[in-house]
Amino acid sequence: MKALQIGGGASGILIGPEKLDATLDIEGMQSVGGSLGTGSIRVIHNSESLVALCSDIAKFFSEESCGKCTPCRFTTKKISDLLESGKFTLSELESLADYLTDSARCAFGQSASMALLSAIRLCPEEFEEV
């Protein structure tokens, strides 16, 4: 197992196997930097690419954005395009993801980059190899 995606479905954070002792409750999820959300758990196998996973998640958020706020409408699309193309820098992804989290008007946009940011923290080397 490479990681678990916990808490909020597509917007859930990724944690490594070393944090498997976290309890699936509010306090346990907060202790690993996440939230309980829907209580979902997704197991990510060692063979799965986190870049590909984050690309799929970014595409979902880009397609499902209501489009009412500019940060969500444009930034989710930009992140999705960069991940799909494989032509990005780590700092570029982090900057866009932080901007989206800080600037989107609703929880949808604010949580759209949670998986990406946590994946970068967990396995930055996967995003540098692309």
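Within a 6.0 Å radius of CD1 in I26, no more than 12 heavy atoms belonging to other residues, nucleotides or ligands are found.
Criterion: ILVMFWY side-chain heavy atoms under 4.5 Å apart, direct or through other members. Under it, L36 and M114 are part of a common hydrophobic cluster. No single ILVMFWY cluster, assembled from side-chain heavy atoms under 4.5 Å apart, contains both F61 and Y99. The hydrophobic cluster containing L53 also contains F60, counting ILVMFWY residues as joined when their side-chain heavy atoms lie under 4.5 angstrom apart, directly or transitively. A single hydrophobic cluster is seen to contain both I79 and L90, as judged by linkage of ILVMFWY side chains at heavy-atom distances under 4.5 Å, directly or through other members.
Minimum heavy-atom separation, G109 to L100: O-CG, 3.4 Å. Heavy atoms only, all atoms of each residue included: P71 and A104 are closest at CB-N, 4.1 Å. Minimum interatomic distance between F127 and F88 (heavy atoms only, all atoms of both residues): O-CE1, 3.3 Å. Of all heavy-atom pairs between A119 and L14, the closest is CB-CD2, 4.1 Å. Taking every heavy atom of both residues into account, E126 and V51 meet most closely at O-CG2, 3.5 Å. Annotation for M29 and T23: closest pair CE-O, 3.0 Å, computed over non-hydrogen atoms.
At distances below 3.5 Å, not a single donor-acceptor pair connects side-chain atoms of Q110 with backbone N or O atoms of S103. The closest donor-acceptor contact from the side chain of T75 to the backbone of C72 lies at 3.5 Å or more, if one exists at all. Using a distance-only test at 3.5 Å, with no hydrogens or angles considered, no donor-acceptor pair links the side chain of S111 to the main chain of S11. One N or O on the side chain of S85 and one on the backbone of L82 form a donor-acceptor pair closer than 3.5 Å. At distances below 3.5 Å, not a single donor-acceptor pair connects side-chain atoms of S62 with backbone N or O atoms of A58. Panel note: side chain S80, backbone K77; no donor-acceptor pair is recorded below 3.5 Å. A donor-acceptor pair is defined here as one N or O able to donate and one able to accept, closer than 3.5 Å; such a pair exists between the side chain of Q5 and the backbone of G12.
To the nearest 0.5 angstrom, E94 atom CD is 11.0 Å from S113 atom OG. Between E84 atom CD and C54 atom SG the span is 14.0 Å, to the nearest 0.5 Å. Atom-to-atom distance recorded for S49:OG and I44:CD1 is 11.0 Å, nearest 0.5 angstrom. Atoms CG and CG, from L50 and L116 in turn, are 10.0 Å apart once rounded to the nearest 0.5 Å. To the nearest 0.5 Å, atoms CD1 (I6) and CD1 (I13) are separated by 4.5 Å. A distance of 12.0 Å separates CD1 in I15 from CZ in R121, rounded to the nearest 0.5 Å.
Under the 3.5 Å distance criterion, with hydrogens and angles disregarded, no donor-acceptor pair is assigned to the side chains of S65 and T76. Side-chain atoms of R73 and T70 form a donor-acceptor pair, as typed in the model, at a separation below 3.5 Å.
A salt bridge does not link K59 to E64: none of the charged side-chain nitrogens sits closer than 4.0 Å to a carboxylate oxygen. Residues E48 and R42 are paired through a salt bridge, judged by an N-O separation under 4.0 Å between the basic side chain and the carboxylate.
When side chains are defined from C-beta on, L117 does not count as touching L93, because their heavy atoms never get closer than 4.5 Å. For the pair L83 and D56, the minimum side-chain heavy-atom distance is 4.5 Å or more.
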Apply side chain to side chain contact (heavy atoms under 4.5 Å, CB included) to the pair I41 and L24, showing each step before the final yes or no.
CA-CA 9 Å; I41 300 173; L24 192 57; 3.9 Å; yes
